[in-house]
Amino acid sequence: MKIFMFAASLRKDSFNKQLINLVASIVKDLGREVDLAQFNEFELPLYNADIQNTQGFPAAVTQFIDRMHNADGLIISTPEYNFSIPGTLKNLIDWVSRVTPMPWQRQRVLLCSASPSLVGGNRSLWATRIPLESCGSLVYPDMFSLATAHEAFDANGGLKNQQLQQRLADLVNDYLHMIEKLNR
Ligand SMILES: Cc1cc2nc3c(=O)[nH]c(=O)nc-3n(C[C@H](O)[C@H](O)[C@H](O)COP(=O)(O)O)c2cc1C
């Protein structure tokens with residue numbers, strides 16, 4: 001089983017990158033394969049139907065779809081921008097959604113977020129569910145938000161809070177089991 005994953009931040013020292021790296025190590029420790037992408041591999045122009053109609057889809061759209069479809073699941077760690085989904089991530093979701101057949105259909109998605117705030121970017125998760133579910137993805141009911149992310153990681157990239165680390169590991173494990181059941 002392979003899980004495709006990325007953090008929806010372009011920032012070099014992104015907390016969401018740190019979180020997705022931790023998730024990747026958990027998935028590997030649980031014996032599954034990981035395809036960890038960098039968000040800047042999928043930098044796209046703002047969605048414009050004229051670009052689509054005159055030039056076709058940007059290569060990054062088809063590359064993203066290939067990698068997503070080559071895996072059994074998708075994990076996204078996203079920042080929260082102004083209580084919602086970052087425009088960069090929504091733009092990617094929108095571009096991909098214009099391909100037929102709908103590439104998001106039946107994707108098994110786990111959502112995580114990290115923020116220096118006390119809410120951990122949780123509102124971005126609820127905002128991200130909307131376009132993904134509307135496009136037919138199965139978004140795992142439970143999600144993970146890392147609050148005070150600027151002081152949450154230890155020197156090895158794990159979480160200082162052991163209970164939180166265990167909750168993340170349990171969530172990832174449950175999500176992988178759901179995929180296994182759906183694959184049967
Ligand atoms: C445009 C913008 C809006 C933001 N709005 C929020 C917000 O609503 N809630 C929040 O917790 N953090 C907000 N932040 C702060 C981000 O959580 C913080 O920049 C975080 O480090 C971004 O994630 P990253 O570290 O993965 O890049 C905002 C940041 C930006 C640039």
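Starting from 1, each residue takes its place in the sequence as its number. Order of appearance sets the numbers: ligands from 1, and atoms from 1 within every ligand.
- Annotation: side chain of Ile3 is not in contact with side chain of Asp35 (no heavy-atom distance under 4.5 Å).
- With hydrogens and angles disregarded, a donor-acceptor distance shorter than 3.5 Å links the side chain of Trp95 to the backbone of Pro45.
- With sequence neighbours excluded, the residues that form a side-chain hydrogen bond (donor to acceptor under 3.5 Å, both in side chains) with Lys90 are Asp94.
- In this structure, the side chains of Leu22 and Gln165 come closer than 4.5 Å at one or more pairs of heavy atoms.
- Taking atom 26 (O) of ligand 1 as the reference point, the nearest protein heavy-atom neighbour is Ser14 OG, 2.6 Å.
- Cation-pi geometry between Arg123 and Trp126 is not met at under 6.0 angstrom from the ring centre and within 45 degrees of the axis.
- With sequence neighbours excluded, the residues forming a side-chain contact (heavy atoms from CB on, under 4.5 Å) with Asn173 are Leu30, His177, listed by chain and number.
- Checking side-chain atoms of Lys2 against main-chain N and O of Arg32 turns up no donor-acceptor pair under 3.5 Å.
- Here is the list of ligand 1 atoms found below 4.0 Å of a heavy atom in Phe83: 7 (C), 8 (O).
- From the protein, the heavy atom lying nearest to atom 20 (C) of ligand 1 is Pro116 CD, 3.9 Å.
- Close contacts between ligand 1 and Ser115 involve ligand atoms 10 (C), 11 (O), 12 (N), 17 (O) [criterion: under 4.0 Å to a heavy atom].
- Residue contacts with ligand 1, taken as heavy atom pairs separated by less than 4.0 Å, involve Glu80 via backbone and side-chain atoms alike.
- Contact atoms of ligand 1 toward Asn16: 23 (O), 24 (P), 26 (O) (distance under 4.0 Å to a heavy atom of the residue).
- The ligand atoms of ligand 1 that sit less than 4.0 angstrom from a heavy atom of Phe15 are 21 (O), 24 (P), 25 (O), 26 (O).
- Here is the list of ligand 1 atoms found below 4.0 Å of a heavy atom in Ser117: 11 (O).
- Closest to atom 22 (C) of ligand 1, if we only count protein heavy atoms, is Pro79 CB, 3.8 Å.
- Ligand 1 is approached by Asn82 to a heavy-atom distance shorter than 4.0 Å.
- With a 4.0 Å cut-off on non-hydrogen atoms, Ser9 touches ligand 1 through its side chain and not its backbone.
- Below 3.5 Å of separation, one finds an N or O of Arg11 facing an N or O of ligand 1.
- From the protein, the heavy atom lying nearest to atom 2 (C) of ligand 1 is Tyr81 CD2, 3.7 Å.
- Atom 11 (O) of ligand 1 lies below 4.0 Å from at least one non-hydrogen atom of the protein.
- Contact between Thr62 and Ala59 at its shortest, heavy atoms only, is OG1-O, 2.9 Å.
- Checking side-chain atoms of Asn82 against main-chain N and O of Ser84 turns up no donor-acceptor pair under 3.5 Å.
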